[in-house]
Chemist: 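My questions all concern the structure below.
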Amino acid sequence: MGLKRNVSLLTGLRYKGQGPMLTFVLHRIGGLGMAIFITIHMLSSFLGGKGGVFVNTIYENWAFQVFIFFCVLFHAINGLRITILDLFPKLIEHHREAIWIEWAVFLPTFGIAALVIISTGLGG
Amino acid sequence: MSNQKTRTLSLSQRGMTFEILMWYFTRLSALAMYALILFGLIGGLIMGARNQMNFADVMRWAFMPNVTHVQSTDVPDIAPWASTFWKLTASALLLVAVAHGVHGLVVIADDYIASAGGRKIVRLLSVVMMLLMSAIGLYILWTS
């Protein structure tokens, strides 16, 4: 609304930040997803009642579980990469390789877990 | 400026501000959460999670070692899971996680709020939210 950008939205969308930009965006989505989920989860167990039961049916849905597992796992693994690179600045030279290692850890771990969650969710 | 000279300067002269302090806190609290979650995971396995819980329930316990997270499992006696030891561990994890999370929300808000006054209001609200969520969390942990 009152926000003034130096670039147009179209230019912003065309920004090619590549791998590092992708991890930045996913880290934000993961962090926000967890913050919202944990806040609702704590409030619902604090207040209880009908609202709490309704919120629980959302948590038990397989699609939600895949989403929140993505948030937690990506945020944790990407956060560990950021922490390691920031605390040992000499490694920043290899930050693109670090992102490749990150995906090599994340994709199989998330893939197998998501497959299990979805197959139990659909197969019962 | 030589390395020796930098070391003799005071923290504020080296540019230590609240923002830099929180930059360190974000990274160190991430390591602390890794340690606490691993601690909960190992503790759960020692208390018999391997035979009495499925993997999802073990992770639920590890991410927040609260006794309500094991109530729907096959664990025969939940007394050791409800001990003061685990309540203290869970409290530590809660306080670190709430501070890390609320500061993360402030960082995101700072990127999208153009006015300095707006950012100040968000900071004020974030302190209120941090204290409120910590209090609610501690209440849940110590009364469950």
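Values reported hereafter were calculated over all heavy atoms of this structure, with side chains retained and with hydrogens, waters and symmetry mates removed. A, B, ... follow the sequence lines: proteins, then strands. Residue 1 opens every chain.
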Chemist: Just checking B:W142: does its CH2 atom have more than 12 heavy atoms from other residues, nucleotides or ligands closer to it than 6.0 angstrom?
Modeler: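 Yes, because the 6.0 Å sphere around CH2 of B:W142 holds more than 12 heavy atoms from other groups.
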Chemist: Supply the atom-to-atom distance B:I140 CD1 to A:L43 CG, rounded to the nearest 0.5 angstrom.
Modeler: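 Rounded to the nearest 0.5 Å, the CD1-CG separation comes to 7.5 Å.
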Chemist: Same cluster or not: are B:M47 and B:F55 linked, directly or through other Ile, Leu, Val, Met, Phe, Trp or Tyr residues, by side-chain heavy atoms under 4.5 angstrom apart?
Modeler: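 As far as the 4.5 Å side-chain criterion goes, B:F55 and B:M47 are connected within one cluster.
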Chemist: Flag yes if A:V105 and A:F110 sit in one hydrophobic cluster, no otherwise; membership is Ile, Leu, Val, Met, Phe, Trp, Tyr, and two members link when side-chain heavy atoms are under 4.5 Å apart.
Modeler: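 Yes: a chain of side-chain contacts under 4.5 Å links A:V105 to A:F110.
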Chemist: Are A:F70 and A:L107 grouped together when hydrophobic residues (ILVMFWY) are joined by side-chain heavy atoms under 4.5 angstrom apart?
Modeler: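 Yes, A:F70 connects to A:L107 through the hydrophobic network.
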Chemist: Check the surroundings of atom CD in B:E19: do more than 12 heavy atoms from other residues, nucleotides or ligands lie under 6.0 Å from it?
Modeler: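 Check passes, neighbour count above 12.
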Chemist: Is B:I108 close to chain A through its backbone or its side chain, or both, or neither, when contacts mean heavy atoms under 4.5 Å?
Modeler: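 Contact with chain A involves both backbone and side-chain atoms of B:I108.
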Chemist: Is there a chain of hydrophobic side chains (I, L, V, M, F, W, Y, each step under 4.5 Å between heavy atoms) that links B:L132 to B:M130?
Modeler: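 As far as the 4.5 Å side-chain criterion goes, B:M130 and B:L132 are connected within one cluster.
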Chemist: Using heavy-atom distances under 4.5 Å, tell me whether B:M129 contacts chain A through its side chain, its backbone, both, or neither.
Modeler: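 Interface part for B:M129: side chain.
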Chemist: Counting heavy-atom pairs closer than 4.5 Å to chain A, which one of B:Y24, B:F63, B:W23 comes out on top?
Modeler: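 Among B:Y24, B:F63, B:W23, the one with the most close pairs to chain A is B:W23.
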Chemist: Go through the atoms of A:A113 and report whether side chain, backbone, both or neither lie under 4.5 Å from a heavy atom of chain B.
Modeler: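 Nothing of A:A113, per the 4.5 Å heavy-atom cut-off to chain B.
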Chemist: Examine A:V72 and A:V55 and state if one hydrophobic cluster contains both, with Ile, Leu, Val, Met, Phe, Trp and Tyr joined whenever side-chain heavy atoms are less than 4.5 Å apart.
Modeler: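 Yes, same cluster.
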Chemist: Under a 4.5 Å cutoff for heavy-atom pairs, which residue among A:V116, A:L32, A:I82, A:L80 has the most contacts with chain B?
Modeler: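 That would be A:L80.
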Chemist: Please state whether the side chain, the backbone, both or neither of B:I37 comes within less than 4.5 Å of a heavy atom of chain A.
Modeler: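 No part of B:I37 comes within 4.5 Å of chain A.
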Chemist: Please name the pair of heavy atoms, one in A:M42 and one in B:I136, separated by the smallest distance, quoted to 0.1 Å.
Modeler: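 That would be O-CG2, 4.3 Å.
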Chemist: Would you say OH of B:Y139 has more than 12 non-hydrogen atoms from neighbouring residues, nucleotides or ligands within 6.0 angstrom?
Modeler: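 Incorrect, the count does not exceed 12.
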Chemist: Would you mind checking which part of B:V107 comes under 4.5 Å of any heavy atom in chain A, side chain (CB onward), backbone (N, CA, C, O), both or neither?
Modeler: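 When you check distances to chain A, atoms from both the backbone and side chain of B:V107 fall under 4.5 Å.
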Chemist: Could you check whether the rings of B:H69 and A:H41 sit parallel, tilted or perpendicular, using 30° and 60° as the cut-offs?
Modeler: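 B:H69 vs A:H41 ring planes: parallel.
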Chemist: Heavy atoms only, distances under 4.5 angstrom: which of A:I117, A:T39, A:I84, A:L87 has the most pairs with chain B? Name it, please.
Modeler: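 Option with the top pair count is A:T39.
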Chemist: Could you go through A:I38 and B:M133, starting from their C-alpha distance and side-chain angles, then the distance that decides it, and tell me whether this counts as side-chain contact (heavy atoms from CB on, under 4.5 Å)?
Modeler: CA-CA 10 Å; A:I38 293 170; B:M133 292 314 286; over 6 Å; no
Chemist: If you take all heavy atoms of A:T83 and B:R27, which pair is closest and at what distance?
Modeler: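 Smallest heavy-atom distance, with atoms named: CG2-O, 3.6 Å.
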